[in-house]
2 protein chains.
Amino acid sequence: MPRILDSFRTNALRFSPQRYAVLQYLTTHPSHPTAEEVHKALNRNNPRASLATVYKALHALAQAGLVREVNLSANVTRFECAGERHHHFVCERCTRIEDLPWFDVAGLAVKTKAAPRTVRTWELVLYGLCESCQPQPKEKLKWRK
Amino acid sequence: MPRILDSFRTNALRFSPQRYAVLQYLTTHPSHPTAEEVHKALNRNNPRASLATVYKALHALAQAGLVREVNLSANVTRFECAGERHHHFVCERCTRIEDLPWFDVAGLAVKTKAAPRTVRTWELVLYGLCESCQPQPKEKLKWRK
DNA sequence: GTCCCTGCAAACGGTTTGCACCCGG
DNA sequence: CCGGGTGCAAACCGTTTGCAGGGAC
């Protein structure tokens with residue numbers, strides 16, 4: 001994936017196999033994993049990386065703007081690739097976190113309501129049931145596509 | 001404050017001086033304090049409450065629906081009285097957290113964009129500069145009210 | 001030689017828990 | 001006597017840090 005290698009070059013971030021592996025894992029797993037999860041996943045294959053190194057890599061990548069921290073539930077930080085801005089959807093049943101397209105929330109008269117404060121950015125998190133956790137319509141139509 | 005006493009009665013929550021003090025502190029300090037802050041504040045006056053008790057009280061109050069946890073920054077949980085729903089504004093300079101009126105964000109075509117998920121609720125957090133952290137217009141008009 | 005990345009283990013800090021004590025009913 | 005709130009201290013757990021070792025340049 002030359003794309004990933006490029007991001008090291010263009011972001012003044014030293015390359016290392018561990019950092020590469022962490023970034024690659026995040027790009028291929030858009031599931032907002034925790035540092036622990038990244039650590040476990042990396043140690044199944046190569047290269048290995050200690051938990052401390054995973055943390056350091058994640059912070060270095062975040063510093064370089066390649067990775068974003070996601071703090072939804074207290075007590076644990078999750079990570080994602082810093083692609084386009086988006087919102088998050090949290091399924092209250094399976095706890096999965098999904099990305100939603102970016103809405104211009106603050107354009108919606110919100111800025112005026114927030115006055116006299118100055119709004120620079122915002123975060124919107126929706127809570128509900130994801131597609132596969134929808135309550136099933138009893139029986140009928142079950143086989144209808 | 002009979003109002004607060006009432007909430008114990010109507011929420012199937014046992015009264016205790018410590019719980020009362022915690023709840024009272026939250027009602028009179030809408031600054032989203034941490035457990036630590038509540039603890040320190042209580043131990044200046046009476047009744048005292050150990051940190052463990054403050055945590056237990058906060059959780060009991062949250063369970064009863066009288067208090068809400070606010071998780072904005074990772075690594076620390078803040079608490080507020082569970083009054084009307086509202087959004088939060090975080091000042092990026094003084095880190096103050098302010099309440100904003102509730103917007104029907106998800107009514108605005110957002111629900112359709114989130115489909116096929118079902119949206120139950122949402123949280124909107126705005127980031128920027130609060131009123132007293134606004135950049136001052138250089139010199140002029142400084143004394144104009 | 002210099003820079004800095006890695007890995008280990010210890011430290012850290014917010015939060016939770018186990019347990020003895022105690023108070024009200 | 002019982003239920004359960006309190007306080008202390010220890011445990012917990014995600015995260016950070018100090019430090020020795022080592023690889024790239």
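Residue numbers start from 1 in every chain, and the chains themselves are labelled A, B, ... in the order their sequence lines are given, proteins ahead of strands.
Side chains of B:Leu26 and B:Glu80 form no contact here, defined as non-hydrogen atoms less than 4.5 Å apart. B:His32 places none of its side-chain heavy atoms less than 4.5 Å from the side chain of B:Leu72. Considering only heavy atoms from C-beta on, B:Leu61 comes within 4.5 Å of B:Leu13 through its side chain.
Contact annotation for A:Ala74: no contact, since no heavy-atom pair falls under 4.0 Å across all strands. At the heavy-atom level, A:Thr53 lies under 4.0 Å from base atoms of the strands shown. At a threshold of 4.0 angstrom between heavy atoms, the contacts of B:Ala60 with the nucleic acid are absent. As judged by a 4.0 angstrom heavy-atom cut-off over every strand, B:Gln18 is placed among residues touching the sugar-phosphate backbone only.
The separation between B:Leu58 atom CG and C:dG14 atom C1' is 13 Å, rounded to whole Å. Straight-line distance from the CZ atom of B:Phe15 to the P atom of C:dC23: 16 Å, rounded to whole Å. The interatomic distance linking B:Gln63 (CD) with D:dG5 (C1') rounds to 15 Å, in whole Å. Put simply, CZ on A:Phe79 is 7 Å from P on D:dT15, counting in whole angstrom units. What separates NE2 of A:His39 from C1' of D:dC13 is a distance of 14 Å, to the nearest Å. Look at OH on B:Tyr55: it is 19 Å from P on D:dA11, rounded to the nearest Å. The separation between A:Arg78 atom CZ and D:dG14 atom P is 11 Å, rounded to whole Å. With rounding to whole Å, A:Arg48 atom CZ is found 19 Å from C:dC5 atom C1'.
Position along DNA chain D of the nearest nucleotide to A:Arg14 versus A:Thr34 favours A:Thr34 as the more 5'-ward residue.
Of all nucleotides listed (D:dC8, C:dT6, D:dT6), C:dT6 comes nearest to the side chain of A:Ser16. For A:Ala49, taking side-chain heavy atoms from C-beta onward, the closest of the listed nucleotides D:dT6, C:dG7, D:dG7 is C:dG7.
One finds no side-chain N or O of B:Thr77 lying less than 4.0 angstrom from the OP1 or OP2 phosphate oxygen of C:dG14. For A:His59, no side-chain nitrogen or oxygen approaches OP1 or OP2 of D:dT15 to under 4.0 Å.
The closest donor-acceptor contact from the side chain of B:Gln134 to the backbone of B:Leu129 lies under 3.5 Å.
With hydrogens and angles ignored, a donor-acceptor pair under 3.5 angstrom links the side chain of B:Lys56 to the base of D:dG7.
Within a 6.0 Å radius of CZ in A:Arg85, more than 12 heavy atoms belonging to other residues, nucleotides or ligands are found.
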